Amino acid sequence: MKRNTTALALVTMLATATAAAAHTGGIQGGFASGFFHPVLGWDHVAAMVAVGIWGAFLGRPAIFLLPILFPIVMAFGAALGIAGVPISNIETGIALSSIVLGLLVLFGIRTPLWVAALVVGIFAICHGYAHGVELPESLNPFAYAIGFIVSTGLLHLCGIGIGFLLGVKGGNYIVRGVGALIASVGAAFLVGAM
Amino acid sequence: MAILWPGALYAHGFGSAEGYAQTLESMLESVYAPVILLLLSAFAVMAGTSGNQRSKHLLIAFAVGSLAGFPAASTLGPLGATACLIVGMLCALYAAAGLDLPRVMHLTLGFVAGAAVSIHNLDGHPLASLSFATHLGVFLGPMLAAAALTGWIGMILQAAPQPLVRIIFRIFASWSFAANAIFTAVQFKSGL
């Protein structure tokens with residue numbers, strides 16, 4: 001009985017042990033850190049995927065123009081963050097991006113291309129600014145930048161992939177459901193931000 | 001023959017690198033910098049998606065610009081990195097937007113790209129201060145990389161002419177623009 005208890009305690013400790021994370025200077029603040037910055041932030045994931053889904057909803061040419069436009073404008077936002085330009089309520093802007101884009105998908109709203117570009121552009125600045133603020137502190141800012149740019153692009157592609165479900169029977173409901181989920185995530189973050 | 005006439009290894013023989021070895025070393029060194037890689041990738045997408053005829057002219061413009069950058073390096077050396085980043089942004093933006101610019105503007109961009117690469121690689125060295133082999137490597141390295149990437153992209157577009165493939169390259173170009181823009185901001189923040 002005592003041997004079993006000891007074994008159970010040992011297994012529990014081993015199963016819940018965290019990594020020592022020694023000598024991780026090469027990864028911390030580098031490409032992996034930049035790559036996972038959008039991925040591990042649900043506010044970023046929700047908005048990036050929503051951009052892809054909404055682009056798929058709008059069809060050509062928005063389906064590829066939005067993922068082309070977003071990194072370009074995001075870089076401008078990142079530059080503002082790097083330069084230390086004070087912009088208040090960025091977290092609110094990021095939360096709103098999920099809400100607005102999620103609702104656009106939920107209600108299947110189709111806007112002219114320039115309106116879509118404007119909406120996406122404004123939110124891209126918010127997301128870029130958030131990434132840019134953390135960039136100068138990272139160990140390898142260049143690798144960090146490449147990481148979050150690639151990650152953002154891949155999240156867009158995920159969204160476009162989800163958007164392709166529109167061509168499947170019942171896919172319309174699935175996609176709009178994802179839009180509702182994204183808007184909910186955004187609302188949760190907005191409450192948290194406020 | 002390969003077994004009977006193997007070349008010497010020259011491991012850690014940096015002091016004895018001459019002629020061919022020096023050229024090879026400077027070729028590799030001249031494409032190694034992140035700013036050069038970003039510029040070359042953006043230039044290659046711009047050139048590779050422009051069609052066969054124009055891509056050839058762009059590569060020629062790049063080569064001419066690269067040579068023109070040699071004498072300019074002594075005075076413009078400190079601006080090399082920034083020039084590469086800005087020109088990289090322009091090439092990437094042009095490729096991402098899918099615009100059809102006038103030929104003169106297109107070729108000017110190719111010329112400036114080549115010049116920026118040479119200026120950055122030579123890093124302020126006057127024209128006669130380095131060996132011919134080093135200069136040859138500084139010219140050949142980026143030139144071959146640009147030509148290879150451009151040719152590879154052109155080949156892919158010929159083999160798969162679907163619009164989706166071109167769109168993928170335009171998305172990649174937008175990523176390249178973002179990277180160039182962020183690097184530029186970091187450079188200015190660092191005061192370089």
Side-chain angles (χ1 to χ4, degrees), chain A residues 30-31 34-35 38 51-52 55 60-85 117 120-121 124-125 127-129 131-138 140-157 160 164, chain B residues 31-42 45-46 49 80-82 84-100 120 157 160-192:
Chain A
F31 178 83
F35 186 87
V51 167
R60 286 175 161 269
I63 189 171
F64 60 83
L65 279 183
L66 295 184
I68 287 173
L69 176 73
F70 195 98
I72 292 172
V73 182
M74 183 180 72
F76 177 66
L80 293 176
I82 291 164
V85 174
V120 166
I125 290 176
H127 286 270
Y129 185 90
H131 295 315
V133 160
E134 295 193 21
L135 203 140
E137 275 79 41
S138 66
N140 187 342
F142 302 119
Y144 185 95
I146 300 282
F148 82 71
I149 290 167
V150 172
S151 173
T152 298
L154 292 176
L155 287 171
H156 288 153
L157 291 177
I160 292 172
F164 281 149
Chain B
V31 297
Y32 190 67
V35 295
I36 299 289
L37 288 171
L38 278 178
L39 171 55
L40 289 177
S41 62
V45 175
M46 179 183 77
T49 56
T82 308
C84 285
L85 289 169
I86 292 173
V87 175
M89 278 167 59
L90 291 172
C91 291
L93 191 61
Y94 170 79
L99 297 171
D100 193 18
H120 174 72
L157 288 171
Q162 296 85 352
L164 177 63
V165 178
R166 192 170 287 269
I167 287 164
I168 289 171
F169 281 120
R170 286 178 64 183
I171 290 173
F172 176 77
S174 74
W175 294 5
S176 179
F177 174 89
N180 273 294
I182 290 168
F183 284 25
T184 306
V186 173
Q187 288 267 79
F188 279 113
K189 170 106 178 155
S190 308
L192 292 175

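These figures come from a predicted structure and were not determined experimentally. Quick note on labels: first sequence line is chain A, next is B, and so on, each numbered from 1.
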Identify the two heavy atoms, one from Ala179(B) and one from Ile149(A), that lie closest to each other, and give their separation to 0.1 Å.
N-CD1, 3.4 Å
Output the distance between atom CG (Leu65(A)) and atom CZ (Arg170(B)), rounded to the nearest 0.5 Å.
6.0 Å
Gap between atom CH2 of Trp175(B) and atom CE of Met74(A) - 0.5 Å precision:
10.0 Å
What closest approach, in Å, do Pro71(A) and Ala178(B) show between heavy atoms, and which atom pair accounts for it?
O-CB, 3.4 Å
How far does CZ of Phe70(A) sit from CD1 of Ile171(B), to the nearest 0.5 angstrom?
13.5 Å
Counting only non-hydrogen atoms closer than 4.5 Å, does Ala78(A) touch chain B with its backbone (N, CA, C, O), its side chain (CB onward), both, or neither?
side chain
Stepwise side-chain contact (heavy atoms from CB on, under 4.5 Å) check, Phe183(B) with Ile146(A)
CA-CA 10 Å; Phe183(B) 284 25; Ile146(A) 300 282; 4.2 Å; yes
Looking at Ala173(B), Ala185(B), Ser174(B), Pro34(B), which makes the most heavy-atom pairs under 4.5 Å with chain A?
Ser174(B)
Residue part contacting chain A, namely of Ile168(B), when any heavy atom lies under 4.5 Å:
neither
Would you sort out whether Ile68(A) and Phe172(B) count as a side-chain contact (heavy atoms from CB on, under 4.5 Å), showing the intermediate values?
CA-CA 8 Å; Ile68(A) 287 173; Phe172(B) 176 77; over 6 Å; no
Spatial distance of atom CD1 (Ile167(B)) from atom CD1 (Ile63(A)) [nearest 0.5 Å]:
8.5 Å
Heavy-atom proximity to chain B below 4.5 Å, by part of Phe76(A):
neither
When rounded to the nearest 0.5 Å, the distance separating CD1 of Ile182(B) from CZ of Phe142(A) is 11.0 Å
Measuring heavy-atom distances to chain B, does Val73(A) have an atom under 4.5 Å in its side chain, in its backbone, in both, or in neither?
neither
